[in-house]
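Below: one structure, written as structure tokens.
Note on naming: letters A, B, ... go to the chains in the order of the sequence lines (proteins, then strands), and numbering restarts at 1 for each one.
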2 protein chains.
Amino acid sequence: MSSKRSETRQKLLQTTVNLLEKGQGKGVRMADIAVAAGVSRQTLYLHFGSRTELLIAATRYHDDQLDVEKRYQKVAETTNASDHLNAFIVFWGEHVPLVYNMAQALWEDADKDGAALAAWNDRMNATKTVCQLAVATIESEGLLSPSWTVETGTDFLFALLSIRNWALLTRTCGWSEVEYINRQQLVARNALFL
Amino acid sequence: MSSKRSETRQKLLQTTVNLLEKGQGKGVRMADIAVAAGVSRQTLYLHFGSRTELLIAATRYHDDQLDVEKRYQKVAETTNASDHLNAFIVFWGEHVPLVYNMAQALWEDADKDGAALAAWNDRMNATKTVCQLAVATIESEGLLSPSWTVETGTDFLFALLSIRNWALLTRTCGWSEVEYINRQQLVARNALFL
DNA sequence: ACGATACTTGACACTGTGTCAAGTAAAAGA
DNA sequence: TCTTTTACTTGACACAGTGTCAAGTATCGT
């Protein structure tokens, strides 16, 4: 009967994901989640110690549903640095919209809560690693512009592709997904190659 | 005797600026400011209706002290698009560190408070206007890469120079002010010109 | 001396997070 | 079948921080 517990846990996570995704992540309270899941507020604290823990668990849960590894395959399968970079930016341009609202909820808490900050940094480091891979590939083919080292080039690409930049360009400036991808490819290529 | 009121007001603003600048903007409470200014908490509400109002007023007060117009002169005095862009990025690279902590305090409230959001957008629009000027100058000399329109090029430059990008590159990645300026100049030039 | 101005004092409402203790209901185990 | 355990509920409360209110004090100008 320990399956009832994990059933409830799953329901809570799913409800949290749903609310965060639709509500733009803004001001989703513990009470809101409890009501939406048809459960008492205290049950949330029984399963997750705090709002931050719930947020982190929900983020992971959501990630698992997205099957990121599989979609990253196309990047991994490329055979040269230029294709790799382009494929990576395509991947990223398609990935961020799926993750944005969850990420936003996390970083809003990162101001106050150390655990949320840690979780946020975790995710950021993961994406920086893939940036690093892309730049290292360019360097290994001798195509990295002498203006950059692998490290600083990675920093730049990481900043260029940051989620907040994505939000600024697509949400605030109104770029479409395709425009975002094409222009970021262009900028990254012009900056890093030669 | 109405000078006493404005004296106090000034003292409150200055104290707020001091606290925000040193404290990384994080968690500066009304009570903290009141104590630091040697005044009761309620006096703050007598002069400014809310935390957000105080924050906005403090930001303006701080801006006035910085004499931005004068430091922007060097940008305005340039005679061609390339110099203009370079001078602008130098200006920006020197400007952001002075403004960062205040800006951070403002945008942290922007999540919750509509007024803070409005104030934040105001500032952002101001900087976007100067970005637009830089890109329009390039275009007017026929040097803007055909990949861009003035509008999209402005969007890009605005994103590249966003305060959050600055924070990511200098604070998180550890770029020095000089490195930031040189590399951002490089990237902007490579992306926009041709 | 009078009254306005500037500020103080202390209490209180409100929101949202997190905690605690006692209670219920139903499945699991003897 | 009776008992224990598990999963959840209920309602109260502490706490932080913002914002409000009413009554009090001190000082300045006239």
Side-chain angles (χ1 to χ4, degrees), chain A residues 1-16 19-20 23-58 104-119, chain B residues 1-16 19-20 23-58 104-119:
Chain A
M1 204 268 172
S2 90
S3 84
K4 179 144 190 211
R5 183 170 169 86
S6 77
E7 246 175 58
T8 303
R9 187 188 155 91
Q10 172 132 343
K11 183 175 65 180
L12 297 179
L13 289 172
Q14 189 61 56
T15 304
T16 305
L19 282 185
L20 288 178
Q24 313 295 318
K26 279 172 193 168
V28 175
R29 294 157 299 186
M30 295 300 265
D32 297 332
I33 298 168
V35 168
V39 119
S40 75
R41 196 169 65 90
Q42 284 60 24
T43 299
L44 286 180
Y45 288 98
L46 242 50
H47 284 264
F48 313 92
S50 69
R51 190 186 132 88
T52 298
E53 263 185 55
L54 171 57
L55 242 49
I56 293 172
Q104 194 179 13
L106 208 54
W107 92 51
E108 266 167 25
D109 273 37
D111 293 332
K112 316 152 203 166
D113 192 310
L117 183 64
Chain B
M1 201 262 180
S2 88
S3 83
K4 176 141 191 213
R5 183 170 169 87
S6 76
E7 247 176 58
T8 304
R9 186 187 156 91
Q10 173 132 344
K11 184 175 64 179
L12 296 179
L13 289 171
Q14 188 61 57
T15 305
T16 305
L19 282 184
L20 288 178
Q24 312 295 316
K26 279 173 194 170
V28 176
R29 292 157 301 185
M30 295 300 264
D32 298 331
I33 298 169
V35 168
V39 119
S40 74
R41 196 169 64 90
Q42 284 60 24
T43 300
L44 288 178
Y45 288 98
L46 244 50
H47 284 264
F48 313 92
S50 69
R51 190 186 133 89
T52 299
E53 263 185 56
L54 171 57
L55 241 48
I56 293 172
Q104 195 180 15
L106 208 55
W107 92 50
E108 265 167 25
D109 272 37
D111 293 332
K112 316 154 203 165
D113 193 308
L117 184 63

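- Judged as a salt bridge (Lys or Arg N to Asp or Glu O under 4.0 Å), the pairs with a partner in residues 109-119 of chain B (not counting sequence neighbours) are, in order, B:Arg51-B:Asp109.
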Distances under 3.5 Å between nitrogen or oxygen atoms of protein and nucleotides 17-19 of chain D:
residue : atom : partner : partner atom : Å
D:dG17  : OP1  : B:Arg29 : NH1          : 3.0
D:dG17  : OP2  : B:Arg29 : NH1          : 2.7
D:dT18  : OP2  : B:Met30 : N            : 3.4
D:dG19  : OP2  : B:Tyr45 : OH           : 3.3
D:dG19  : OP2  : B:Arg51 : N            : 2.8
D:dG19  : N7   : B:Arg41 : NH1          : 3.1
D:dG19  : O6   : B:Arg41 : NH2          : 2.9

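- Counting to the nearest Å, the C1' atom of D:dA7 and the CG atom of A:Leu12 are 12 Å from each other.
- Sorted by first and then second residue, the salt bridge (Lys or Arg N to Asp or Glu O under 4.0 Å) pairs with a member in residues 27-39 of chain A read A:Arg29-A:Asp32; sequence neighbours excluded.
- The separation between B:Lys112 atom NZ and C:dT15 atom C1' is 12 Å, rounded to whole Å.
- Between C:dC7 and B:His47, a contact under 4.0 Å exists linking OP1 or OP2 to a side-chain N or O.
- Between A:Glu53 atom CD and C:dT17 atom P the separation is 15 Å, expressed in whole Å.
- Counting heavy atoms from C-beta on, the side chains of A:Leu44 and A:Thr16 never come closer than 4.5 Å.
- As a whole-Å value, the separation of A:Lys4 NZ from D:dT5 C1' is 13 Å.
- For the pair B:Gln10 CD and C:dC7 P, the computed distance is 13 Å after rounding to whole Å.
- Rounded to whole angstrom, the span from the CG atom of B:Leu44 across to the C1' atom of C:dT8 amounts to 13 Å.
- Shown here are the side chain to side chain donor-acceptor pair (under 3.5 Å) partners of B:Thr43, two or more places apart in sequence or in another chain: B:Ser40.
- If you take CG on A:Leu55 and CD1 on A:Ile33, they are separated by 7.0 Å, rounding to the nearest 0.5 Å.
- Under the side-chain contact (heavy atoms from CB on, under 4.5 Å) criterion, B:Phe48 pairs with B:Arg9, B:Leu12, B:Leu13, B:Glu53, B:Leu54, B:Ala57, sequence neighbours left out.
- With sequence neighbours left out, A:Ala36 forms a side-chain contact (heavy atoms from CB on, under 4.5 Å) with A:Thr15, A:Leu19.
- Between A:Leu46 atom CG and C:dG18 atom P there is a gap of 14 Å when expressed in whole angstrom units.
- Here the C1' atom of nucleotide C:dT17 and the CZ atom of A:Phe48 are 16 Å apart, to the nearest Å.
- Scanning for side chain to side chain donor-acceptor pair (under 3.5 Å) contacts around B:Gln14 gives B:Tyr61, B:Gln65, with sequence neighbours left out.
- Evaluation of the side-chain contact (heavy atoms from CB on, under 4.5 Å) rule for A:Leu46 yields no partner, not counting sequence neighbours.
- When the local axes at the two ends of the helix from C:dA1-D:dT30 to C:dA30-D:dT1 are compared, using 5 base pairs at each end, they differ in direction by 10° after rounding to 10°.
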